[in-house]
Amino acid sequence: AMLDVSADSGWLETSLKVMHLVKMIVQGCWMKDDPLLQLPHVEPYHLPLFYKLPSKEASFPDIVQGYSGKLDLLRHNLSSEFKEAQIQQINKALLHVPLLNVSHAVTGTPLLASGYVPQKTPAGG
């Protein structure tokens, strides 16, 4: 209802803040929190354990893809703080995280005439 009222009134900033509020309520965390905190049993002091991947970038999609289907790697990095059953639950949750690949295209004669090629947007970025 708050979103409907603010959008109908043309209050963009208020509408965006209401959407952020709804997102925080549904996900049970603040906007500034690391998405990994939504995994079962994970607390803020556990986060460095997840960032032990060899890749230079450590975004949420990179971490999900880095551990997806690699239970041994997950077990190796998390076994110091988590029990086996907890690691299994974390693994199961990581396998169910949706990652989206988004592409876009802009149509228009000037862009097409100049040789514009649509770019892929990194998943979850």
Side-chain angles (χ1 to χ4, degrees):
M2 290 189 309
L3 182 57
D4 291 337
V5 170
S6 61
D8 287 343
S9 299
W11 302 332
L12 178 61
E13 186 176 346
T14 303
S15 298
L16 292 173
K17 289 184 182 204
V18 169
M19 286 189 276
H20 286 160
L21 176 63
V22 169
K23 181 179 177 183
M24 289 186 288
I25 291 170
V26 169
Q27 294 180 341
C29 62
W30 299 109
M31 290 290 291
K32 63 179 176 54
D33 288 347
D34 192 306
L36 291 170
L37 293 174
Q38 296 180 47
L39 295 172
H41 313 292
V42 176
E43 298 294 333
Y45 59 89
H46 292 129
L47 293 177
L49 299 172
F50 287 91
Y51 290 96
K52 291 182 179 179
L53 289 173
S55 70
K56 294 177 183 176
E57 293 184 30
S59 68
F60 181 67
D62 293 331
I63 289 172
V64 171
Q65 289 175 341
Y67 286 116
S68 189
K70 299 175 185 167
L71 183 57
D72 290 335
L73 178 60
L74 191 63
R75 191 178 286 130
H76 178 283
N77 288 350
L78 302 183
S79 62
S80 63
E81 292 287 330
F82 295 97
K83 297 176 184 174
E84 180 63 25
Q86 293 173 321
I87 294 173
Q88 294 284 346
Q89 290 176 343
I90 293 169
N91 183 56
K92 185 177 179 181
L94 284 170
L95 290 172
H96 288 92
V97 171
L99 293 177
L100 305 176
N101 287 318
V102 178
S103 63
H104 69 281
V106 177
T107 58
T109 307
L111 283 174
L112 296 175
S114 69
Y116 173 80
V117 178
Q119 303 292 315
K120 285 198 169 196
T121 304

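The basis for the numbers below is simple: all heavy atoms, side chains too, and nothing from hydrogens, waters or symmetry mates. Note that this is a predicted model, so its numbers are computed, not measured. The residues of the chain are indexed from 1 along the displayed sequence.
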Asker: For residues 16-42, which residue pairs qualify under ring pair (Phe, Tyr, Trp, His ring centres under 6.0 Å), counting only residues two or more places apart or in two chains?
Answerer: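 Listed once each, the pairs would be none.
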Asker: Apply side chain to side chain donor-acceptor pair (under 3.5 Å) to D34 and list each qualifying residue two or more places apart in sequence or on a separate chain.
Answerer: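 Testing D34 for side chain to side chain donor-acceptor pair (under 3.5 Å), a comparison that skips the adjacent residues, returns Y51.
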Asker: Quick test of your reading: applying salt bridge (charged side-chain N to carboxylate O under 4.0 Å, His left out), list the pairs with at least one residue in residues 1-18, sequence neighbours left out, ordered by first then second residue.
Answerer: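 Matches after skipping sequence neighbours: E13-K17.
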Asker: Measuring from N91:CG to L71:CG, what's the distance to the nearest 0.5 Å?
Answerer: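 That separation rounds to 4.5 Å.
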Asker: Mind checking side-chain contact (heavy atoms from CB on, under 4.5 Å) for T14 and listing every partner two or more places apart, or none if nothing turns up?
Answerer: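 For T14, the residues satisfying side-chain contact (heavy atoms from CB on, under 4.5 Å) (neighbours in sequence not counted) are S6, W11, V18.
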Asker: Measuring from atom CG of L74 to atom CD1 of I87, what distance do you get when rounded to the nearest 0.5 angstrom?
Answerer: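 L74 atom CG to I87 atom CD1 measures 6.5 Å (nearest 0.5 Å).
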Asker: Using the side-chain contact (heavy atoms from CB on, under 4.5 Å) criterion, which residues pair with V97? Sequence neighbours excluded.
Answerer: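 With sequence neighbours excluded, V97 shows a side-chain contact (heavy atoms from CB on, under 4.5 Å) to F60, V64, L99, given in chain and number order.
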Asker: How would you list, by chain and number, every residue that makes a side-chain contact (heavy atoms from CB on, under 4.5 Å) with L16, sequence neighbours excluded?
Answerer: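 Partners of L16 by the side-chain contact (heavy atoms from CB on, under 4.5 Å) criterion, ordered by chain and then number, come out as L12, M19.
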Asker: Using side chain to side chain donor-acceptor pair (under 3.5 Å) as the criterion, list what pairs up with N77, not counting sequence neighbours.
Answerer: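 For N77, the residues satisfying side chain to side chain donor-acceptor pair (under 3.5 Å) (neighbours in sequence not counted) are Y67.
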Asker: Would you mind listing every salt bridge (charged side-chain N to carboxylate O under 4.0 Å, His left out) that reaches into residues 70-81, with sequence neighbours excluded?
Answerer: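 Qualifying pairs, neighbours excluded: D72-R75, R75-E84.
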Asker: Tell me every residue that passes side-chain contact (heavy atoms from CB on, under 4.5 Å) with A7, counting only those two or more places apart in sequence or in another chain.
Answerer: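 Checked A7 against side-chain contact (heavy atoms from CB on, under 4.5 Å); matches are S15.
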Asker: For a quick test of your reading: what N or O donor-acceptor pairs under 3.5 Å do the side chains of residues 43-50 make, sequence neighbours left out?
Answerer:
from	atom 1	to	atom 2	distance (Å)
H46	ND1	E43	N	3.0

Asker: For K52 and L73, run side chain to side chain contact (heavy atoms under 4.5 Å, CB included): C-alpha distance rounded to whole Å, both residues' side-chain angles, the deciding distance at 0.1 Å, then the answer.
Answerer: CA-CA 10 Å; K52 291 182 179 179; L73 178 60; over 6 Å; no
Asker: Report the distance from atom NZ of K83 to atom CD of Q89, rounding to the nearest 0.5 Å.
Answerer: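 Between K83 NZ and Q89 CD, I get 11.0 Å after rounding to 0.5 Å.
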